[in-house]
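First listed ligand is number 1; within each ligand, the first listed atom is number 1.
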Amino acid sequence: MNLGQLLQHGHAHPDTEGLTIAHPRGYELCGALCFGGLRPRAYTRLARLSGARPADRVLDVGCGTGYLTRRMAKAVGPTGSVLGIDPSAEVVGYARDRTRESHCSYETGVAEALTAPDGSFDVVVTSLAVHHLPEDLRPVALREMCRVLRPGGRLLVADFRPPRTRLVRHLIGASVGHVMAEYRVDLLDRLVADAGFEVRGRGDVRPWLRYVQAVRPEK
Ligand SMILES: C[S@@+](CC[C@H](N)C(=O)[O-])C[C@H]1O[C@@H](n2cnc3c(N)ncnc32)[C@H](O)[C@@H]1O
């Protein structure tokens, strides 16, 4: 059993085929170690790259422990709102306990069947969550993100960028699992475009993230 399996429910979660996180404290520890001190800077940069502005309504899909959600709450300020959703009641409870901002809330929910009405957010963000979905659910989840964004609304998807070195990939596979080590992050652009978005930008955030910025077309 590797670290990834230890932190997850595996496929046992009743609401999704996605790999859900069951142990928020363990996940936080793993996040801090894997980012080697660069996590605060990396996630602050993601919040900036999302283009969120004061008073925006933001959805964070697969929010986990709320690390990005809380940064989004800072970006939109008290006149905005941020909702984080995740199927795991454990991480949602952990995120709620660590959030002071009253305009930042959490619910259990799944990316492939969002409950929000059409066009109800200005910005949708999702970090390190797409690779947790089985391949057939990834396009469904991206279409849902497009549906709940208002026309002209912005999407930021960030996900794991496996290192090019085979040895490091092998170490990642052995420690956190082969889903991460073999993840085709280069397909993210196409996934986003096929869901109906206009891709506006892409890039890397050190040490492990690739991001894609996109907009829901006005028409
Ligand atoms: C690696 S964690 C990332 C958490 C957080 N976004 C971050 O960047 O730290 C992946 C998250 O995706 C969630 N997840 C798994 N299946 C999901 C689904 N069907 N819909 C939404 N989130 C899901 C997991 O429970 C987990 O919290």
Side-chain angles (χ1 to χ4, degrees), residues 2-35 38-47 49-50 58-73 82-96 98-99 104 106-116 123-145 147-148 155-162 172 175-177 179-181 183 185 188 205 207-211:
N2 63 40
L3 190 56
Q5 287 161 326
L6 265 179
L7 296 177
Q8 289 161 2
H9 284 294
H11 289 284
H13 199 280
D15 297 332
T16 183
E17 290 294 309
L19 296 168
T20 56
I21 298 286
H23 303 290
R25 278 172 219 283
Y27 177 74
E28 281 302 284
L29 183 62
C30 184
L33 291 175
C34 293
F35 275 84
L38 295 177
R39 196 179 184 208
R41 200 167 67 183
Y43 277 71
T44 300
R45 175 131 188 257
L46 292 184
L49 288 165
S50 76
V58 176
L59 176 68
D60 181 4
V61 178
C63 63
T65 52
Y67 201 83
L68 179 60
T69 330
R70 288 188 288 280
R71 281 173 164 71
M72 296 308 300
V82 183
L83 173 64
I85 67 125
D86 199 288
S88 163
E90 291 89 344
V91 295
V92 164
Y94 182 97
R96 277 193 190 122
R98 267 144 198 86
T99 299
C104 183
Y106 300 90
E107 286 174 8
T108 52
V110 298
E112 62 270 31
L114 297 173
T115 55
V123 177
V124 171
V125 295
T126 183
S127 58
L128 290 175
V130 172
H131 77 270
H132 273 240
L133 300 172
E135 277 181 36
D136 59 327
L137 284 187
R138 292 173 192 169
V140 182
L142 265 298
R143 281 199 297 273
E144 277 291 86
M145 295 180 209
R147 178 185 69 74
V148 301
L155 172 77
L156 179 84
V157 188
D159 214 340
F160 182 68
R161 178 177 52 82
I172 287 173
S175 55
V176 289
V179 173
M180 278 181 93
Y183 181 53
V185 76
L188 210 50
V205 173
W208 304 117
L209 301 174
R210 165 78 41 87
Y211 69 84

Colleague: Test V125 against L46 for side chain to side chain contact (heavy atoms under 4.5 Å, CB included), laying out the working first.
Modeller: CA-CA 9 Å; V125 295; L46 292 184; over 6 Å; no
Colleague: Tell me whether R41 at atom CZ has more than 12 heavy atoms from other residues, nucleotides or ligands lying less than 6.0 Å away.
Modeller: no
Colleague: Any side-chain donor paired with an acceptor under 3.5 Å for Y27 and T65?
Modeller: no
Colleague: Looking only at the aromatic ring of each residue, does the gap between the centers of Y43 and Y67 stay below 6.0 angstrom?
Modeller: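 Centroid separation for Y67 and Y43: below 6.0 Å.
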Colleague: Output the set of protein residues with a heavy-atom contact under 4.0 Å to ligand 1, ordered first by chain identifier and then by residue number.
Modeller: T16, G18, L19, T20, I21, Y27, R39, Y43, G62, C63, G64, D86, P87, V110, A111, E112, S127, L128, A129, H132, L133
Colleague: Rounded to the nearest 0.5 Å, how far apart are NE2 of H132 and CG of L19?
Modeller: 6.0 Å
Colleague: When you check the gap from the basic side-chain N to the acidic O, do E144 and R147 get nearer than 4.0 Å?
Modeller: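 Yes, this pair counts.
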